[in-house]
Amino acid sequence: MRLPDGFLIGAATAAHQIEGENTASDWWMFEQSKPERLQPSGRACDSFHRWGQDMDLLAGAGLQAYRFSIEWARIEPVEGEFSADAVDHYRRMVAGARERGIEPIVTVHHFTNPAWFTLGGGWLRGDAVDRFTRYLERIAPILDEGVDTAITLNEPNMVAIMHRVISGEANLETGLGGAVPLPHEGVRDALIAVHHAARDQLRAQHRGLAVGWTVANQTVQAVDGGEERAAELSEALDDVWLRAAADDDFVGVQAYSRMLVGPEGRVEAAPEAPRTSIGWEYYPEAVGHAIRNTVAQAPGVPVYVTENGISTRDDAQRIAYTTGALRAVGSCLADGLDVRGYLHWSLLDNFEWGRWEPTFGLIAVDRDHEDFTRTPKPSLAWLGDIARSRQLP
Ligand code: BGC
């Protein structure tokens with residue numbers, strides 16, 4: 001199938017996962033305070049210094065778009081104190097993308113907060129909207145450098161789940177059994193309010209900028225009579241967040257696998273079901289279901305796949321998974337759904353939130369080597385060929 005004109009094929013990353021030494025962020029603080037549970041991000045992939053190489057590899061392979069994030073903790077490391085150097089840094093990145101012919105898709109918040117914001121109550125602070133929109137005012141020069149598409153918050157539904165995990169109210173190990181930890185409702189309401197305020201402000205600040213948020217689609221599917229419970233979980237985990245995008249310029253779909261739900265809650269996939277290297281069920285069709293549910297919840301809102309990928313040490317499996325995922329995207333396009341792009345997660349093997357073992361990258365990074373050697377995997381050239389040929393597998 002031929003890709004529609006303007007459909008972007010690219011790859012995605014997030015600042016804390018690749019930049020290194022994000023010392024003013026809350027995640028850096030968590031990593032230092034819980035060494036028994038979280039591996040440290042340390043110098044990560046050193047992309048704060050090596051972003052040019054990352055973009056060269058992406059563009060050289062033929063990919064057309066790069067989704068990366070701006071780190072609030074670098075822009076405002078201390079409450080009310082803004083770093084002109086950090087603003088310049090991200091301006092150079094946007095200009096660098098444009099010089100290479102890459103479409104920059106910029107996330108202004110990808111999971112991490114400045115530590116001061118979290119220590120002061122995080123999204124439940126009374127001034128959360130004010131603090132976030134003040135940060136957005138300061139990054140205006142970055143977006144003015146040439147950004148046409150911006151994401152306010154990455155996976156707010158995950159942020160609201162993680163709030164309950166971090167505050168000790170729920171724990172992921174037990175939670176992922178029958179009782180899925182549900183998003184914290186107060187944090188959910190706060191994040192929806194922050195998103196709407198951020199979207200309105202960004203639109204006012206930057207004429208023509210397309211603004212949306214991205215949702216982690218759990219792709220809930222009922223088994224063994226679990227329809228009612230599955231509908232409840234889908235509502236809390238995905239749907240309410242997707243409906244909040246009704247007036248956005250686009251919505252970002254992020255999908256990796258699915259969640260099977262019986263009458264008592266989540267059930268594991270059959271033991272013989274294929275798995276990825278981190279134990280998720282191998283289910284490339286997830287992204288197609290996620291797009292269709294997104295369109296049902298937010299009708300008329302254009303969709304970008306802002307993340308999709310697989311943790312595997314076998315790059316042939318990555319290509320097979322992505323082939324299946326792109327076929328599912330193709331079938332949505334064939335049905336007339338307004339899908340505008342596919343951004344693979346991730347460009348680099350990176351810091352997977354407390355773990356270094358998962359490898360989602362199209363490019364390997366040798367972190368033991370002083371120059372953090374990047375080695376493209378065959379999947380990078382393979383995806384680049386699809387972008388160049390405009391032909392879906
Ligand atoms: C996040 C990424 C993460 C990826 C794989 C998404 O939840 O946005 O930061 O690395 O999935 O787990």
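One-based numbering, in listed order, for ligands and for the atoms of each.
By the 4.0 Å heavy-atom criterion, Trp280 is counted among the residues contacting ligand 1. Between Met158 and ligand 1 there is no heavy-atom distance shorter than 4.0 Å.
Distances below 4.0 Å separate heavy atoms of Glu155 from the following atoms of ligand 1: 1 (C), 6 (C), 7 (O), 8 (O). Atoms of ligand 1 found under 4.0 Å from any heavy atom of His110, numbered from 1 in the order shown, are 1 (C), 2 (C), 8 (O), 9 (O). Counting atoms of ligand 1 from 1 in the listed order, those under 4.0 Å from a heavy atom of Glu352 are 3 (C), 5 (C), 10 (O), 12 (O). Annotation for ligand 1: atoms under 4.0 Å from non-hydrogen atoms of Asn154 are 8 (O).
Between Glu103 and Arg340 there is no salt bridge, since no side-chain nitrogen of the basic residue lies less than 4.0 Å from a carboxylate oxygen of the acidic one. The pair Arg131-Glu76 does not count as a salt bridge, with every side-chain nitrogen at least 4.0 angstrom from each carboxylate oxygen. Of the charged side-chain nitrogens involved, none lies within less than 4.0 Å of a carboxylate oxygen, so that Glu185 and Arg164 do not count as a salt-bridged pair. Comment: Arg50 does not engage Asp56 in a salt bridge, judged by the lack of any side-chain N to carboxylate O separation of less than 4.0 angstrom. Between Glu307 and Arg67 there is a salt bridge, since at least one side-chain N of the basic residue sits less than 4.0 Å from a carboxylate O of the acidic one.
If you check the side chains of Ser311 and Ser277, you find a donor sitting under 3.5 Å from an acceptor.
The nearest protein atom to atom 1 (C) of ligand 1, hydrogens excluded, is given as Glu307 OE1, 3.3 Å; this is a heavy-atom distance.
Judged by the 6.0 Å distance and 45° axis criteria, Arg74 is positioned over the aromatic ring of Phe48.
Nearest-residue assignment for atom 4 (C) of ligand 1 (options Tyr256, Phe351, Phe360; heavy-atom criterion): Tyr256. For atom 9 (O) of ligand 1, the candidate residues are Gln254, Gln17, His16; the nearest heavy-atom contact is made by Gln17.
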